[in-house]
Amino acid sequence: MSNSTTDRKQNYRDRKTAIILIGLGICLVILAIFSFLVGRFPISPDKVVGILASGIVPVDQFWTDQEAIIFFNVRLPRVLLAMLVGCSLSAAGAAYQGTFQNPLVSPDILGASQGAAFGAAVAILLGFASFGISVMAFSFAIVTVLLVIAVAQAARGNQVLTVVLAGVMISSLFSAGVSFTKLIADPSDQLPAITYWLMGSLTGAKPSDVTMVLPFMVVGLVTLFVLKWRINILTMGDEEAATMGVNTKALRLIIIIAATIVTAASVSVTGMIGWVGLVIPHLSRMLIGSDYRKLMPASMLMGACFLLLVDDVSRLATTAEIPIGILTAFIGAPFFLYLITREGKKR
Amino acid sequence: MEKSTASKGTRKLAAAAIFALCLAVVLGIAGCGSSTSSSTNASSASASASSAASSSASASSETVQFTDSAGRTVEVPANIERVAITGPISQMCMLTLAPEKLVGLSNELSGAEIKYLATDVSNLPVLGQIYGGKGDFNKEAVANADPQIVIDIGEAKKTIVEDLDGIQESIGIPCVHIEATYNTYDQAYQQLGELLGVQDRAKVLADYCTSVVKTTDEAIAGVPDTDRVKVAYLLGDSGLNAMAKGSFQATVVDAIADNVAVIENPGGSGLGSETSFEQIALWDPRMIVFAPGSIFDTVGDDASWQTLSAISGKNYYAVPGEPYNWISSPPGVNQVLGYQWFAHLCYPDKFKDSIEDMAKGYYKTFYNYEMSDTEVATLLENSIPKQ
């Protein structure tokens with residue numbers, strides 16, 4: 001009797017989860033279609049449908065060549081990149097929050113963003129083109145996190161604490177490095193270029209950017225998705241996990257590396273976009289609970305929706321772009337404040 | 001047990017030692033920095049000590065009242081031999097007029113600047129700038145370089161009076177502002193010539209400015225507003241930053257052509273405002289000029305950019321970048337050259353002289369640098385219509 005009620009409860013919960021995830025999926029599809037249809041350069045909806053269809057089936061061209069090229073080379077990669085980056089940053093944020101058992105952690109906790117910023121700033125000083133800047137940003141992000149892991153391995157004591165501490169310290173070191181590059185940069189062109197990079201933007205999204213970051217993101221995201229239930233074990237704490245026969249050290253390392261790869265890939269093509277990785281996992285947690293089997297896919301979908309929406313504002317609102325990093329922070333910071341005051345009231 | 005406390009103790013000692021070492025290294029670096037700068041100061045000071053000694057009687061006692069462009073009346077020495085400057089625009093102007101009087105630079109010289117400038121001033125200490133995003137003007141270093149006057153040249157910021165009064169008060173050295181925009185450099189040079197006692201050199205430069213601005217003004221005055229070329233001036237590593245109409249960096253473009261980049265609240269950034277390719281396609285400029293270091297080289301092979309009439313019609317150019325960007329970033333006396341170049345580019349049939357000859361004349365007059373034909377050709381390779 002009691003068994004069947006728990007079954008029913010379980011069933012109900014599963015159905016609720018499924019509905020939420022499917023709902024988020026539908027949201028994303030609708031937002032993506034909307035984003036395809038709008039832009040500063042007017043392409044009428046029937047033409048967009050025609051251009052999209054022409055990729056699959058032969059359609060008599062009733063649009064100009066320019067419209068097709070702008071759609072495929074400018075708008076499509078930008079929409080795809082917004083979804084990929086939103087998905088990646090949120091997944092990385094959720095993974096880090098679970099791994100470090102700390103809800104206030106974001107993807108830049110281990111210095112990936114500051115490392116990338118330093119790499120990009122140095123590349124700008126050296127006069128690299130956009131591809132070189134991306135490569136430098138990506139490499140420095142990875143190197144920074146490897147450095148953090150190496151330092152944490154050498155240190156004694158609580159592994160979680162040493163990793164986070166090393167991350168904060170090395171992050172501040174690179175942040176000082178960025179300030180130094182700003183100091184020696186040419187004030188008329190290099191300095192504003194660094195400033196723009198630090199504000200984050202998707203305006204330069206090219207098809208080659210998508211193909212460049214896609215492999216990294218797929219590897220990282222698939223890893224995080226596959227390991228999602230194991231993050232649950234990590235959130236219980238190391239001793240608990242050890243009694244269950246889980247090698248927490250190895251598991252944590254794999255998750256950190258996967259999350260770092262997707263963060264680095266995102267930051268390398270968009271510049272700094274803050275708050276997404278902090279805020280979205282929390283929103284998802286409110287919606288679906290803290291079971292990572294549900295939380296991870298929910299965060300991924302919601303992150304993609306959120307960044308797509310914010311980027312639409314960024315590219316449509318004014319003639320000039322509003323850097324997306326500013327918009328996400330405008331939305332993210334008040335939410336963060338709300339979150340910590342709410343936590344305070346609970347106590 | 002005892003052993004472990006002992007090792008703890010040594011470890012603590014070691015940690016303290018490492019920390020002390022780090023501190024020592026940092027202090028050492030700082031010390032080195034200041035000692036090198038003080039030694040250069042010492043050498044320049046000793047070099048000028050003799051001149052100061054010989055003219056000290058007149059230099060220290062005689063002063064005159066000088067009213068600057070901000071309306072401030074300042075008591076300045078009658079005989080000025082030692083000048084400090086407040087930023088890149090002032091530096092650019094002073095290097096053409098009287099580089100030998102500089103006691104310091106606002107920012108380090110680029111390789112191109114050193115190549116073109118007749119006098120080598122690259123060993124002067126860098127004293128920073130009061131505007132331009134950094135605000136690293138080092139008052140103590142300026143005072144230590146011992147100038148008789150601090151000069152700010154260019155467009156006046158809103159806070160110019162209090163800014164200069166503040167510096168003047170804190171270091172006890174007179175500060176003056178000389179207003180200058182691309183079409184008023186003749187007056188700026190005259191004022192500076194009288195202030196610094198270099199009237200002859202100032203007259204040469206002022207006459208050049210008067211004459212070329214007049215010629216160019218007259219030529220473009222004949223072009224009705226409706227016939228102005230629709231131009232976009234694009235910058236940045238993706239070419240997606242546009243210099244917005246009305247921003248103070250876009251004065252040359254705005255004066256000559258129809259700047260298509262109409263943007264709400266443009267900033268004063270040297271990199272323009274970030275925009276998107278869709279927006280640029282919507283503006284549909286007839287001509288595009290790319291800043292040095294932007295995407296001029298690759299834009300011809302890019303499918304998206306090829307859809308723009310300016311690119312497919314090969315009506316796009318790179319702004320020459322040596323020793324400075326010719327039309328902006330920073331907007332200084334370089335614009336006197338850029339103004340002529342851009343007008344020649346937009347309305348070639350309105351001018352009799354070639355861009356090459358015009359450039360040679362400017363480099364000769366301002367930098368005392370004789371440009372060979374090959375040098376001019378290299379410099380202007382992407383900046384003039386291909387024959």
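Remember, predicted model here, so these are calculated numbers, not experimental data. Each chain gets a letter, A, B and so on, in the order its sequence line appears, and its residues count up from 1.
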* Asked: Where the side chain of A:T203 meets the backbone of B:T275, is there a donor-acceptor pair that is under 3.5 Å apart?
  ->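 Such a contact is found between A:T203 side chain and B:T275 backbone.
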Evaluate whether atom [atom1] of [X] has more than 12 neighbouring non-hydrogen atoms of other residues, nucleotides or ligands under 6.0 angstrom away.
| X | atom1 | result |
| --- | --- | --- |
| A:F216 | CZ | no |
| B:E264 | CD | yes |
| A:F34 | CZ | no |
| A:F62 | CZ | yes |
| A:D46 | CG | yes |
| A:F72 | CZ | yes |
| B:E108 | CD | no |

Could you tell me the separation between the [atom1] atom of [X] and the [atom2] atom of [Y], rounded to the nearest 0.5 Å?
| X | Y | atom1 | atom2 | result |
| --- | --- | --- | --- | --- |
| B:S304 | A:R75 | OG | CZ | 12.5 Å |
| B:E278 | A:I70 | CD | CD1 | 6.5 Å |
| A:T318 | B:Q279 | OG1 | CD | 8.5 Å |
| A:N73 | B:Q306 | CG | CD | 11.5 Å |
| A:M199 | B:E274 | CE | CD | 7.0 Å |
| B:T307 | A:F41 | OG1 | CZ | 7.0 Å |

* Under a 4.5 Å heavy-atom cut-off, does chain B meet the side chain of A:I133, its backbone, both or neither? ->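 Side chain only.
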* **Note, A:P192 side chain near B:L235 side chain (heavy atom, < 4.5 Å)** =>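 When only atoms from C-beta onward are counted, B:L235 and A:P192 do not touch, as no gap falls below 4.5 Å.
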* **Close side-chain approach of B:I280 and A:R40, heavy atoms under 4.5 Å** =>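 When only atoms from C-beta onward are counted, A:R40 and B:I280 do not touch, as no gap falls below 4.5 Å.
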Heavy-atom distances under 4.5 Å only: say whether [X] touches chain A with side chain, backbone, both or neither.
| X | result |
| --- | --- |
| B:N325 | neither |
| B:S238 | side chain |
| B:V126 | neither |

* Nearest heavy-atom pair of A:S130 and B:D237: which atoms, and what distance? ->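 Shortest heavy-atom contact: CB-OD1, 3.8 Å.
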* Closest non-hydrogen atom pair, B:S269 against A:Y196 ->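 Scanning both residues, the minimum pair turns out to be OG-CE1, 4.3 Å.
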* Verify side chain to side chain contact (heavy atoms under 4.5 Å, CB included) between B:S276 and A:R78, making sure each step is shown before the conclusion. => CA-CA 11 Å; B:S276 61; A:R78 181 158 184 174; 4.1 Å; yes
* Given side chain to side chain contact (heavy atoms under 4.5 Å, CB included), test A:T319 with B:W283 step by step and report yes or no. => CA-CA 10 Å; A:T319 333; B:W283 282 327; 3.3 Å; yes
